[in-house]
Every structure is written in structure tokens, then in C-alpha cells.
Undergrad: 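Starting off with a structure, shown below.
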There are 2 protein chains.
Amino acid sequence: MSTDVPAPLENDEHGSAKARAPRADAQRNLDTLLQTAAEVFASSGVDAPVREIAEKAGVGIGTLYRHFPNRAELVAAVFRREIDACANAAEPLAAAHPPFEALSLWIERYVGFVATKKGLAAALHSGDAAYESLPPHRNQRLIPALRGLLDTAASAGEIRSGVDAYDLLNAVGSLYMSVRDEPGAESARRMVALLIDGLRYGATGRPEA
Amino acid sequence: MSTDVPAPLENDEHGSAKARAPRADAQRNLDTLLQTAAEVFASSGVDAPVREIAEKAGVGIGTLYRHFPNRAELVAAVFRREIDACANAAEPLAAAHPPFEALSLWIERYVGFVATKKGLAAALHSGDAAYESLPPHRNQRLIPALRGLLDTAASAGEIRSGVDAYDLLNAVGSLYMSVRDEPGAESARRMVALLIDGLRYGATGRPEA
DNA sequence: ACCTGAACACCGTTCAAGT
DNA sequence: ACCTGAACACCGTTCAAGT
């Protein structure tokens, strides 16, 4: 009874309402698409033609549209992935560095994310329904990550306590989102440095616990 | 010797290098185009089709392209016009109100300009050469306008002196440029109010002169 | 089930033909 | 001189035909 399709691990008959595991090639296509789109968006901006992405990923346009009903959905999926990557960077940083350094490094990481996403602001302003999930997703993933770093640094007495993670995230985001040229980037860098200095200003200098 | 073309006021022969006055209908078309484009951009965003603008203005697409070699050039022209209008609002405000009130009202006017221009940030980020003139134009027109209001209010002792017009303009602009929803607008409003309070903080309370 | 790509609709831009 | 709009190139999206 040899077949050349991979043997399904679960029931695939009866059309039950249960979600089924995607076919291996479909999953691989989705990963490649997301990966390729991220690269193309980074180098050519989020307005890059979908056809170009499909070609570079080695799939038909139809396949791209099977996974993402429109270009906005693809853009949103790429951004969600990068938000997750940024959030996930917090834990290793916290494990490998002292609290304040971990916090600084993570903010640097976040700045790197925001600074390269030139199309993010435009996308969010477009009002397209596909982007509606992005601010909540950012809040759910990035705020807890930053709050953890802030709390740890505050408990260690390296920064003051009572700093709201949401405010800090927004402030840094706004400052870098409007950067247009090198002087602007310089100015944003100075203002973020000032914010970070501000965090240390009221610090106890000694762990509370 | 009756002709039905309007009599030219200047020499129109010899193909001299001197700039000539535009034909009356051409000037009227340009005004209508600019006016219509501003309305369409305000209601439908800067991505509105050029065809729609040409139709609403009652001219052929070719005429639109005669005046503006591409859509970016039209968008830039509309923004330049609105920057000028905002700059020109300073003088009447200064004449009609006490210094601090004039300053507050003008900032409100500027916020109104920035807040409605959802496409501005995206346009500036696009890197299109047509938009390169906008930041310099903004600086040349808006900074002197704001600086004048700041100086007058500082001389009257209503705000502190030494506040840089460029910094204030950028700060207010950045804050409102990233507004996406009603809570965001609330937050931006609070932050601008805080900035304005900050201006009054170190005031002498009495005119210097 | 999933993939492909020709076909369609729409938008920016050009240019030959008009006045 | 200036205006017009058909025509072209290009891009997002769909869907009939394949495996």
C-alpha cells in the first residue's frame, strides 16, 4: 500500500470541524513567503509589488493570495512576526546582562525595529482593516516585555520605579517614526538617550529587596 | 483688426528668454486644480486617483499633467500652499490677541494643519524627490512665524525665553503625526498642553522692556 | 488540497490630435 | 499656447484549469 503523499498524523476523513495539520508543502510555502516578504519589504519598502515577492519566493501569485487574501494582510503578518521577534529578544537579554544594560539593549533593539519600518506609520494610518490588529498585538507582546525589564531594573535600584511601559514605548516609537534624515536620526537618538537618562535620575542606587 | 484671443500685455514675439505672463485660462486651471486637489486629499487622502481630481476640477488629465509632471508634484504643491496659509495666519493672530493667547491659537492652528495631513508623514518618508522641498519650505515659513510669536510672548513676560522654535515645531509635529485613534489624539492633546504649560513655567510674569 | 498563471479592473503617465 | 482623452505600462486581485 505504498503512496507518495506523506502519511497524515490525524484523522483527515469525515470532514470534522477540527482544525487539521496543513500539508507540509503548504506550510513550507507560507514560511518562505513570510521570510521573502520581510526581506523585500526591508529593501524595497512595503509598496513592493506582490508579484515580485511571489517570484522571489518561487511560488505562483495564486499561492500567495491563498495564504494572504490581500497585500495588506501579508504586510500585517510580516509586522506581527517582527513584533514577536522583538518581544522574544527580552528574555535572553535579561538572562545575559545586568538589569539596566538589558533594558538599554532592548530599547536599542526596539529602535532598530521601528527605525527600519518606514512603512509602518503609513500602514497604520491607512485605516485598512487588516492593520487593526497591529496596535493591540504590539501592546500585548511589547508592553509586558518592556515592563518586565523596567521592573527588574527598578527592583535592582538602577532606575526609578513608576515608569509606565506604554508611555515609554509610545514616546520612543513616536520619536523614531518621524525620522526622515540623518540630522533627524541624530536628534531622535539624543532624545531617546535623554529619556533613558531620565529613567536613572530618581533611582535609589540600591536594590529595594 | 478684431481677434478673439486676449491681447497680450507684453511682447510675445521674438521668443525672448524673459518669462511671460501665463494665459488667463491656464492660470485659472492651475488655481482650480490646486483647490480641488486640496479638497479631494482632505476627504479621500493623498492616494486619491489623479483622474478623479481632474474630473472634479473640470479639466482633462493632460492639463493636470501639464501643470504637475507627476502626482507627487501635485501633492507637494498642495502642501506648500497649506504651509503658506498656516504661516500667514500668525500676523493677524498677533494683531488681534495678547501675546500668549496668539501663540496658543497659532499652535492650535498648526495642530489642525498637521492632524488633518494624514498622508504627510508617508509622503515625506517615500523618498520621492518631489517632496524634498517640503521640509526646507516648512522651516523657512513656519519657524520664523512661530519664533515671532515666541519672542513677543517672551518679551511680554508671559512665557520664558530661550525656547527654540524649531524644537517646538518638531515636537508638536511628531506628537500629532503618530496619532491613529481617539485615545491617541487625547494623549497628544495632553502632551501638547504640557509643552505649553512648560513654556509658561519659567516666565518672569512681567515684561522685560 | 493545494498550486499555477492568464485575465480583468484600475491607476499613473504619455502623446498625437485638436482649438 | 494650451487643452483633450485614447492608449500604454504596470499592479492588485480573481478564478478556471491543472496536479
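Since this is a predicted model, take the numbers as computed values, not measurements. Every chain is numbered from 1, with letters handed out A, B, ... down the list of sequences.
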Undergrad: Once pairs are restricted to Watson-Crick or G-U wobble with both distances under 3.5 Å, how does DNA chain D read as a dot-bracket string, [ ] for crossings and | for other-strand pairs?
TA: ||.|||||...|||||.||
Undergrad: Measure the CG-CD1 distance between B:D164 and B:I143 for me, rounded to the nearest 0.5 Å.
TA: 7.5 Å
Undergrad: Charged N to carboxylate O under 4.0 angstrom, A:E82 versus A:R138?
TA: no
Undergrad: I need a per-nucleotide contact map over nucleotides 2-15 of chain D, read 5' to 3'. Cutoff is protein heavy atoms under 4.0 Å; write B for the base, S for backbone only, - otherwise.
TA: BBBBBB---BBBB-
Undergrad: Once salt bridge (charged side-chain N to carboxylate O under 4.0 Å, His left out) is applied, what residue pairs with a partner in residues 86-109 of chain A remain, sequence neighbours excluded?
TA: none
Undergrad: Side chains of B:V46 and B:L120, heavy atoms from C-beta outward: is any pair under 4.5 Å?
TA: no
Undergrad: Evaluate the side-chain proximity of A:L199 to A:R160: yes if any heavy-atom separation is below 4.5 Å, no if none is.
TA: no
Undergrad: For residues A:L149 and A:P99, determine if any side-chain heavy atom of one lies less than 4.5 Å from a side-chain heavy atom of the other.
TA: no
Undergrad: Once the angle between the rings of A:F113 and A:Y110 is folded into 0 to 90°, is it parallel (under 30°), tilted (30 to 60°) or perpendicular (over 60°)?
TA: tilted
